Amino acid sequence: MAQDFLTDAFVRLRQKLKGVSGGILPDPGGAEDVLQDSFVQLWRRKYPLGSEKEAEALLARTVRNASLNERRRQRTVPLERDIIDDGPDDREREKAYAEMRRKIETELSDIQRYILEEKEYGGRTMEDIARELKMEPAAVRMQLSRARKTLRKALEDDR
């Protein structure tokens, strides 16, 4: 019965869900892939859905979150040489980079520093980092969020 709710909601809302994913992802093919992967993921998990409204909400939330995750995975990380280029602002950029590096070294815990560097500069996924550190992906995301918040606060305090 729950699978029927899920299938009916997916068929009826497919275009809207594709629009949600397409609004987040630049590639229409990627949006379609995320849409299909989300449905298959939900189908396999066999959630205990009591109505089609529950299925609609679950589909919408899953497609949105999966699209955001895919967008994060696709984001490229600039290399240091891309950040600091030749030009009149060279000294300012070098100074800003050195200041941020100092804040990363002094303001963050060892685990936060490692997660931040691996995610932002190493281009690794949260799941890979979590596996390596023997942590839950949610805990890795929380540590990354705290690290970013700490750095934002440190930068605001300097202003």
Side-chain angles (χ1 to χ4, degrees), residues 1-84 97 100-101 103-105 107-156:
M1 185 81 161
Q3 300 302 78
D4 292 338
F5 289 137
L6 185 65
T7 303
D8 292 345
F10 181 76
V11 169
R12 192 168 35 77
L13 297 175
R14 183 179 177 90
Q15 289 304 326
K16 287 183 181 178
L17 293 170
K18 189 174 179 181
V20 168
S21 185
I24 296 170
L25 296 171
D27 175 32
E32 181 67 31
D33 290 345
V34 166
L35 183 63
Q36 291 175 7
D37 290 345
S38 297
F39 177 72
V40 169
Q41 176 188 20
L42 293 174
W43 179 263
R44 286 183 180 155
R45 287 195 181 164
K46 297 184 180 174
Y47 284 96
L49 301 171
S51 70
E52 203 164 314
K53 286 288 184 195
E54 286 180 30
E56 290 173 8
L58 183 62
L59 277 165
R61 185 173 61 246
T62 302
V63 167
R64 178 183 172 275
N65 289 343
S67 298
L68 289 170
N69 287 341
E70 182 62 24
R71 184 172 173 196
R72 286 183 195 114
R73 276 189 212 102
Q74 292 174 354
R75 185 174 42 189
T76 59
V77 179
L79 299 174
E80 181 180 342
R81 68 177 176 269
D82 294 335
I83 294 170
I84 302 173
Y97 180 79
M100 181 54 76
R101 191 78 213 145
K103 290 197 181 306
I104 289 171
E105 294 295 327
E107 301 287 333
L108 301 182
S109 69
D110 291 341
I111 193 79
Q112 288 174 337
R113 187 177 324 112
Y114 181 79
I115 292 170
L116 179 74
E117 288 173 352
E118 290 298 305
K119 176 71 175 123
E120 298 300 332
Y121 300 105
R124 297 185 55 202
T125 65
M126 295 285 197
E127 292 77 17
D128 288 342
I129 298 168
R131 244 188 321 276
E132 179 184 337
L133 296 176
K134 295 179 176 54
M135 295 172 69
E136 290 294 318
V140 172
R141 277 190 289 282
M142 180 62 72
Q143 288 294 329
L144 182 60
S145 175
R146 288 178 181 161
R148 289 174 175 159
K149 184 178 180 180
T150 300
L151 291 173
R152 275 192 301 271
K153 174 116 174 66
L155 289 171
E156 288 172 3

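Model, not experiment: these values are computed from the prediction.
One distance of note links CG of L151 with CZ of R113; it measures 10.5 Å at 0.5 Å rounding. Between the CG atom of L116 and the CD1 atom of I111 there is a distance of 12.0 Å, given to the nearest 0.5 Å. The distance from atom CZ of F39 to atom CG of L17, rounded to the nearest 0.5 Å, is 11.0 Å. Here the CG atom belonging to L68 is positioned 5.5 Å from the CZ atom belonging to R72, to the nearest 0.5 angstrom.
Counted by atom type alone, T125 and D128 present one or more donor-acceptor pairs between their side chains at under 3.5 Å. Between the side chains of Q143 and Y114, no donor-acceptor pair is found at a separation under 3.5 Å.
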Expected list for residues 19-30: side-chain donor-acceptor pairs under 3.5 angstrom, two or more places apart:
from: S21; atom 1: OG; to: A31; atom 2: O; distance (Å): 3.4
from: S21; atom 1: OG; to: S67; atom 2: OG; distance (Å): 2.8
from: D27; atom 1: OD1; to: G29; atom 2: N; distance (Å): 3.3
from: D27; atom 1: OD2; to: G30; atom 2: N; distance (Å): 3.0

Sequence neighbours left out, cut at 3.5 Å: what donor-acceptor pairs do the side chains of residues 48-64 make with other protein atoms?
from: S51; atom 1: OG; to: K53; atom 2: N; distance (Å): 3.4
from: S51; atom 1: OG; to: E54; atom 2: N; distance (Å): 3.3
from: E52; atom 1: OE2; to: R12; atom 2: NE; distance (Å): 3.1
from: E52; atom 1: OE2; to: R12; atom 2: NH2; distance (Å): 2.4
from: E54; atom 1: OE1; to: G50; atom 2: N; distance (Å): 3.0
from: E56; atom 1: OE2; to: R12; atom 2: NH1; distance (Å): 3.1
from: E56; atom 1: OE2; to: R12; atom 2: NH2; distance (Å): 2.3
from: T62; atom 1: OG1; to: L58; atom 2: O; distance (Å): 2.7

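In summary, K149 and E107 do not engage in a salt bridge, as defined by a charged side-chain N under 4.0 Å from a carboxylate O. E70 has a carboxylate O that lies under 4.0 Å from a charged side-chain N of R73, or vice versa, which qualifies the two as a salt bridge. Ion pairing between E127 and R131 fails under the 4.0 Å rule for side-chain N and carboxylate O.
Proximity of E117 to I104: side-chain heavy atoms (C-beta onward) are separated by under 4.5 Å at one or more points. No side-chain heavy atom of Q112 sits under 4.5 Å from any side-chain heavy atom of L144. You'll find the side chain of L35 reaches within 4.5 Å of the side chain of F10, heavy atoms only.
Within 6.0 Å of CZ on R71 lie no more than 12 heavy atoms contributed by other residues, nucleotides or ligands.
Counting only residues at least two apart or in different chains, salt bridge (charged side-chain N to carboxylate O under 4.0 Å, His left out) contacts with residues 133-148 comprise E120-R148.
Nearest approach of T7 to W43, heavy atoms of both residues: OG1-CZ3, 3.2 Å. Pairing each heavy atom of K119 with each of I129, the nearest pair is N-CD1, 3.8 Å.
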